[in-house]
Amino acid sequence: EAQVTQNPRYLITVTGKKLTVTCSQNMNHEYMSWYRQDPGLGLRQIYYSMNVEVTDKGDVPEGYKVSRKEKRNFPLILESPSPNQTSLYFCASSLLSTKGGNTGELFFGEGSRLTVL
Amino acid sequence: AQKVTQAQTEISVVEKEDVTLDCVYETRDTTYYLFWYKQPPSGELVFLIRRNSFDEQNEISGRYSWNFQKSTSSFNFTITASQVVDSAVYFCALSSGSARQLTFGSGTQLTVLP
């Protein structure tokens with residue numbers, strides 16, 4: 001079954017304790033991306049990756065890191081989480097279009113709800 | 001820079017009514033893509049439609065239809081004869097230029113009452 005898998009789905013942590021949210025897709029998609037969803041703000045892009053070893057900042061990258069060492073995995077790293085990073089996080093993937101951009105037909109993971117105390 | 005505005009934060013209708021969700025976008029690029037996604041109460045995000053900037057034909061898929069008007073920079077979504085299962089948050093999104101980033105609107109919460 002084609003899917004994007006995120007872990008953990010729920011996490012409560014404390015300020016400053018490093019954490020990683022994993023994301024894995026089994027569709028051989030080149031493009032992967034992380035979003036956070038906050039009430040009234042919709043989904044905002046944190047980081048994206050066009051392929052292995054190619055990552056770039058989205059609209060709200062501060063406080064986050066990513067890596068893309070393998071095509072299927074795109075972990076999101078919070079080195080020193082703060083309460084303003086309490087949010088619902090989504091990982092997504094898609095194919096690249098013939099023109100090199102993402103097709104927009106994103107496949108999303110089920111979301112990871114993070115609470116930072 | 002690109003921007004998507006969904007001015008309707010919440011809409012409530014009674015089952016079988018028609019409802020239109022508005023989406024206004026901003027981009028300086030002449031080539032761009034517009035999307036609608038649905039997020040039901042279970043939380044997952046479901047792709048509904050993609051439309052490119054060169055295709056202004058309206059599209060219909062069952063009870064769903066989309067009206068793309070470049071003149072007003074709008075890409076509105078209409079649900080005909082709404083059903084309770086249509087209750088969800090609906091997001092409009094835009095990808096332009098190199099299509100590296102997908103920008104979402106803030107979403108419209110649609111509640112269909114029985």
Side-chain angles (χ1 to χ4, degrees), chain A residues 1-6 9-10 23 27 29-51 54-61 68 87-114, chain B residues 1-10 21-27 29-55 66 68 75 88-110:
Chain A
E1 180 188 353
Q3 59 185 3
V4 178
T5 304
Q6 296 177 225
R9 295 285 314 283
Y10 302 91
C23 175
M27 295 167 280
H29 287 167
E30 300 91 352
Y31 182 93
M32 296 186 75
S33 181
W34 276 101
Y35 291 86
R36 59 177 288 174
Q37 183 177 7
D38 302 290
L41 297 176
L43 284 90
R44 294 179 294 168
Q45 190 173 45
I46 303 170
Y47 270 94
Y48 63 94
S49 170
M50 303 294 279
N51 216 322
V54 180
T55 63
D56 211 342
K57 296 178 181 178
D59 296 317
V60 288
R68 188 90 182 273
S87 188
L88 176 59
Y89 291 87
F90 285 98
C91 180
S93 71
S94 76
L95 292 169
L96 287 180
S97 70
T98 53
K99 296 185 178 180
N102 87 80
T103 63
E105 296 182 39
L106 292 169
F107 288 77
F108 283 88
E110 293 181 299
S112 296
R113 186 165 293 281
L114 171 65
Chain B
Q2 53 188 38
K3 184 179 177 182
V4 177
T5 301
Q6 294 180 256
Q8 303 152 308
T9 306
E10 295 181 22
L21 310 182
D22 298 332
C23 173
V24 175
Y25 63 91
E26 294 177 30
T27 177
D29 292 298
T30 56
T31 301
Y32 53 89
Y33 294 88
L34 294 160
F35 307 84
W36 278 94
Y37 284 83
K38 174 182 180 179
Q39 186 178 42
S42 51
E44 74 270 23
L45 285 150
V46 179
F47 166 81
L48 295 178
I49 188 171
R50 179 179 77 162
R51 173 66 72 210
N52 75 55
S53 53
F54 298 109
D55 182 2
W66 290 270
F68 176 29
F75 186 46
V89 180
Y90 290 87
F91 292 99
C92 181
L94 165 70
S95 178
S96 59
S98 62
R100 290 171 179 264
Q101 288 186 273
L102 191 62
T103 298
F104 285 80
S106 56
T108 297
Q109 169 72 61
L110 172 65

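Worth saying up front: this structure is predicted, and the values here are computed from it rather than measured. Residue numbers begin at 1 in each chain, while the letters A, B, ... track the order of the sequences.
With a threshold of 4.5 angstrom between heavy atoms, B:Gln109 does not approach chain A through any atom at all. Contact annotation for A:Asp38: neither backbone nor side-chain heavy atoms come within less than 4.5 Å of a heavy atom of chain B.
Between B:Phe104 and A:Tyr35, the distance from one ring center to the other falls under 6.0 angstrom.
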Between B:Gln39 and A:Phe108, is the side chain to side chain contact (heavy atoms under 4.5 Å, CB included) condition met? List the steps.
CA-CA 11 Å; B:Gln39 186 178 42; A:Phe108 283 88; over 6 Å; no
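Distance check, rounded to the nearest 0.5 Å: CG of A:Leu43 to OG of B:Ser106 gives 10.5 Å. In this structure, CD1 in B:Ile49 is found 10.0 Å from CD in A:Glu105, a value given to the nearest 0.5 Å. The CG atom of B:Leu45 sits 6.5 Å away from the CD atom of A:Gln37 when rounded to the nearest 0.5 Å.
No more than 12 heavy-atom neighbours from other residues, nucleotides or ligands sit within 6.0 angstrom of CD on A:Glu110. Enclosure of atom CZ in A:Arg113 is not indicated, since only 12 or fewer non-hydrogen atoms of other residues, nucleotides or ligands lie within 6.0 angstrom.
Side-chain atoms of B:Tyr37 come within 3.5 Å of backbone N or O of A:Leu106 as a donor-acceptor pair.
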